[in-house]
Amino acid sequence: MIRLFDSARGEICELRLRDPGRVSMYACGPTVYDLPHLGHGRYTLVWDVARRWFTFRGLDVRFVSNITDIDDNIINRALRDDTTETDIARTYEHQWWAAMDLIGVARPDDTPHATKFVAEMTELIASFLESGVGYLTSDGVYFDVSRVKDYGLLAGQPLESLRAGARVEANDEKRSPLDFALWKFAKPGEPSWPAPFGDGRPGWHTECVVMSLALLGDGFDLHVGGFDLKFPHHENERAQAVSQGRDFAQHWSHSGWVMVGSEKMSKSLGNFTSLTDLLEKTDARAYRLLVLRSHYRSPIEVTPATIADAERALLRLDTLARRFDLAALAGNALEVATDFTWTEETGKLCEKVGAYLDNDLDTPLAVAALFEAVSTANTAADKGEDARGKELALAVNALFGALGLQLLSSSHHMDDLSATLVAERDEARFTKNWAEADRLRDELVKLGWVVEDSASGTTIRKP
RNA sequence: GGCGGCGUGGCCGAGUGGUUAGGCAGGGGCCUGCAAAGCCCCGUACUCCGGUUCGAAUCCGGACGCCGCCUCCA
């Protein structure tokens with residue numbers, strides 16, 4: 001049984017499935033108007049891990065995550081860059097997937113694009129106008145939140161108190177500052193789609209409710225995203241669905257944000273680091289390990305220091321992979337080692353790690369248990385229990401693999417010169433010519449290698 | 001103002017009332033020709049003030065500090 005904190009209920013509860021054995025899961029994807037930043041990296045990693053874990057548990061997961069390819073931000077960016085909205089969306093969607101591939105986030109099963117669902121959106125909006133839940137103003141169509149009984153469910157407070165805190169609204173045609181745009185009429189030169197109530201473009205909240213219901217159907221299992229989407233975005237998605245008497249997501253989960261110093265990283269604060277930049281100078285696996293080492297609902301600091309810390313921890317795992325000659329498991333692919341054979345000892349490890357992960361995706365405890373198993377494996381091998389060490393190492397590899405973290409035994413290819421030096425050093429050591437052996441080691445170090453000796457000879461690796 | 005969260009050893013970061021979190025860094029040792037890697041040992045921490053309890057980092061009350069949402073935001 002998988003348990004997960006539910007933002008609507010405010011407690012950890014069982015993830016109940018509409019169809020036993022199958023998980024339908026939706027994550028709001030990016031608006032493609034800029035490079036993805038570390039916050040995008042965090043939420044995609046968190047839910048990639050969840051998806052992988054569900055899959056490892058034998059569940060058939062259908063994961064849908066959209067691309068918002070029409071939005072005010074895209075229009076503004078196109079104006080700024082003196083190009084078209086289509087060009088901006090295409091450019092940054094490409095950047096998005098490139099970053100996702102680098103960071104090892106598996107592609108969703110479906111990636112609906114908002115512009116491909118406009119017909120469904122206008123149909124929905126028309127029905128809102130008909131029922132009176134939606135209303136026209138001079139600049140678009142708005143949704144009357146007072147028409148939804150339990151509006152504020154996700155925000156955790158009633159409509160009145162939300163309204164009390166709302167900031168002064170520029171648009172005085174809205175009945176309430178909490179009402180949101182379903183549709184925005186196009187200004188001259190802006191991209192627009194035809195609609196009986198006036199040509200224009202859909203509002204963000206309408207895009208996601210339409211796409212999630214279209215692909216996953218009413219009452220799908222799990223809707224996820226970053227905490228900052230909980231209100232108003234997710235609240236508004238839900239409001240639209242329930243105002244039509246439709247079942248929406250049965251379970252809501254939100255992931256914590258990335259902090260910069262003591263502030264949340266966000267587009268509006270302008271304090272973001274692009275994921276693309278990070279991945280250029282860092283092993284992407286370090287970011288995944290950093291994310292895994294904290295709980296998904298807690299804020300994390302991503303700084304050069306915390307990344308370096310994760311990189312050194314990763315080194316310990318790669319050293320294990322090298323010592324036991326572990327095969328690198330599939331990175332971006334969602335493959336699960338279903339044919340893994342557990343021994344009594346590794347079975348217990350799997351049980352322990354699994355219990356942590358089943359309980360609100362407690363990756364920090366799971367990772368701690370795996371690091372303990374690394375020590376156990378090394379100790380076993382040190383004592384000459386090679387088979388036992390190997391079994392443990394294989395299990396650690398399989399379980400990290402289930403979380404999408406690849407252990408690498410050789411991440412760097414040895415060039416001819418280095419290979420020659422290694423061979424010469426083996427010869428020097430064999431003949432106990434220590435001076436020559438040390439000289440050759442110095443040469444290898446100068447070439448950027450870390451030299452390690454063992455009974456079977458010299459091995460080299462990058463630091 | 002409303003709602004929610006956080007405050008743990010040098011750093012990062014878990015924590016279900018009592019028994020080792022884990023990682024990184026640091027110190028000592030084993031191993032090694034010397035190293036590296038690995039292994040063993042070492043820190044006795046929980047913002048503050050009360051309270052409950054045989055016993056609290058963990059529960060209750062209060063104080064202080066910090067953060068987030070209520071506006072676009074993962």
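No experiment lies behind these values; they were computed from the predicted model shown. Letters A, B, ... mirror the listed sequences (proteins, then strands); counts begin at 1. Excluded from the calculations below are hydrogen atoms, water molecules and symmetry mates; all remaining heavy atoms, backbone and side chain alike, are included.
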According to the Watson-Crick and G-U wobble definitions, with both distances under 3.5 Å, which nucleotide is paired to B:rU32?
none
With both distances kept under 3.5 Å, what pairs with B:rU19, Watson-Crick or G-U wobble?
none
Where the side chain of A:Leu229 is defined as all heavy atoms beyond and including C-beta, which of B:rA74, B:rG33, B:rG22 is the nearest nucleotide?
B:rA74
Rounded to whole Å, the NE2-C1' distance (A:His234 to B:rA74) equals 9 Å
Within the structure, does a side-chain N or O atom of A:Arg323 lie under 4.0 Å from either OP1 or OP2 of B:rA36?
no
Does either side chain, that of A:Arg316 or that of A:Ser375, offer a donor lying less than 3.5 Å from an acceptor on the other one?
yes
Is there a Watson-Crick or G-U wobble partner for B:rG50 with both distances under 3.5 Å, and if so, which one is it?
B:rC60
Option among A:Asp221, A:Asp110, A:Asp109 that satisfies the salt bridge (Lys or Arg N to Asp or Glu O under 4.0 Å) test with A:Arg62:
A:Asp110
Out of B:rG33, B:rC39, B:rC70, minimum distance to the side chain of A:Phe231 belongs to B:rC70
In whole angstrom, give the distance that lies between atom CD1 of A:Ile67 and atom C1' of B:rA74.
13 Å
Tell me which nucleotide among B:rC72, B:rG33, B:rC70 gets nearest to the side chain of A:Leu162.
B:rC70
Ring of A:Tyr43 versus six-membered ring of B:rA74: centres under 5.5 Å and planes under 30°?
no
Measure the distance from CZ on A:Arg297 to P on B:rG15 and round it to the nearest whole Å.
9 Å
Nearest to the A:Phe371 side chain among B:rG22, B:rA74, B:rC12, which nucleotide is it?
B:rG22
For B:rA25, give its Watson-Crick or G-U wobble partner with both distances under 3.5 Å, or none.
none
In this structure, how many angstroms lie between the P atom of B:rA74 and the OH atom of A:Tyr296, rounded?
20 Å
Taking the six-membered ring where the residue is Trp, are the ring centres of A:Phe180 and A:Phe143 under 6.0 Å apart?
yes
Provide the distance between the two P atoms, one in B:rC64 and one in B:rC72, to the nearest whole Å.
33 Å
Establish, yes or no, whether a centroid distance under 6.0 Å links the rings of A:His223 and A:Phe248.
yes
Tell me: CE of A:Met265 to P of B:rC69, nearest whole Å?
14 Å
What is the nucleic acid contact for A:Arg316, judged by heavy atoms within less than 4.0 Å: base, sugar-phosphate only, or nothing?
sugar-phosphate
Under a 3.5 Å cut-off for both contacts, is B:rG65 paired Watson-Crick or G-U wobble with anything, and if yes, with which nucleotide?
B:rC6
How is A:His254 classified with respect to the nucleic acid when contacts are heavy atoms under 4.0 Å: base, sugar-phosphate, or nothing?
nothing
From C-beta outward on A:Gln157, which listed nucleotide comes closest to its side chain: B:rG2, B:rG33, B:rA74?
B:rG2
Take the protein atom OH of A:Tyr92 and the nucleotide atom P of B:rA74, then report the distance between them rounded to whole Å.
15 Å
State, yes or no, whether a side-chain contact exists between A:Leu317 and A:Arg285 at a heavy-atom distance under 4.5 Å.
no
Thinking salt bridges, do A:Lys348 and A:Glu351 make one under a 4.0 Å N-O criterion?
no
Evaluate the ring planes of A:Tyr151 and A:Phe231, with Trp represented by its six-membered ring, and classify them as parallel (under 30°), tilted (30 to 60°) or perpendicular (over 60°).
perpendicular
Taking A:Leu392's backbone N and O only, do any of them form a donor-acceptor pair with A:Thr346's side chain (distance below 3.5 Å, no angle check)?
no
Contact under 4.0 Å: A:Ser375 side-chain N or O vs B:rC39 OP1/OP2
yes
Closest to side chain of A:Thr319, choosing from B:rC12, B:rG38, B:rC40
B:rG38
What's the closest nucleotide to the side chain of A:Leu365 if the choices are B:rA14, B:rG33, B:rC72?
B:rA14
Report the nucleotide, chosen from B:rG22, B:rG33, B:rA74, that has the shortest atom-to-atom distance to any side-chain atom of A:Ala368.
B:rG22
Taking N and O atoms by type only, does the side chain of A:Arg441 place a donor or acceptor under 3.5 Å from a partner on the base of B:rC34?
yes
hbond_proxy A:Asp382 side chain to B:rC31 base (donor-acceptor, 3.5 Å cutoff):
no
What is the distance, to the nearest angstrom, from the NZ atom on A:Lys432 to the C1' atom on B:rU32?
12 Å
Whether A:Arg312 contacts B:rC12 is assessed here as follows: a side-chain N or O lying under 4.0 Å from the phosphate OP1 or OP2. Is that the case?
no
Between CH2 of A:Trp257 and P of B:rC72 the distance, given in whole Å, is 16 Å
Identify whether any heavy atom of A:Val46 sits under 4.0 Å from a base atom; if not, whether one sits that close to sugar-phosphate; answer base, sugar-phosphate or nothing.
nothing
I'd like the C1' distance from B:rG7 over to B:rU47, given in whole Å.
6 Å
Base B:rG68 paired with A:Asp228 side chain (donor-acceptor, <3.5 Å)
no
Sorted by position of nearest nucleotide on RNA chain B, 5' first, the leading residue of A:Ser161 and A:Arg425 is A:Ser161
Indicate whether OP1 or OP2 belonging to B:rC69 is found under 4.0 Å from a side-chain N or O atom of A:Lys264.
yes
Once you apply a heavy-atom cut-off of 4.0 Å, does A:Asp453 come out as touching a base, just sugar-phosphate, or nothing?
base
Phosphate contact (B:rC39 OP1 or OP2) by A:Asn378 side-chain N/O below 4.0 Å
yes
Using the P atom as the point on both nucleotides, what is the distance between B:rA45 and B:rA36, in whole Å?
32 Å
Considering only B:rC24, B:rC72, B:rC39, which nucleotide approaches the side chain of A:Asp309 most closely?
B:rC24
Short N-O contact, A:Asp386 and A:Lys390, less than 4.0 angstrom:
no
Quick check: on RNA chain B, is the nucleotide nearest A:Asp438 upstream (toward 5') of the one nearest A:Glu372, or the reverse? Name the residue that is more 5'.
A:Glu372
Looking at every strand, decide which applies to A:Ala313 at a 4.0 Å heavy-atom threshold: base, sugar-phosphate, or nothing.
sugar-phosphate
With both distances kept under 3.5 Å, what pairs with B:rG1, Watson-Crick or G-U wobble?
B:rC70
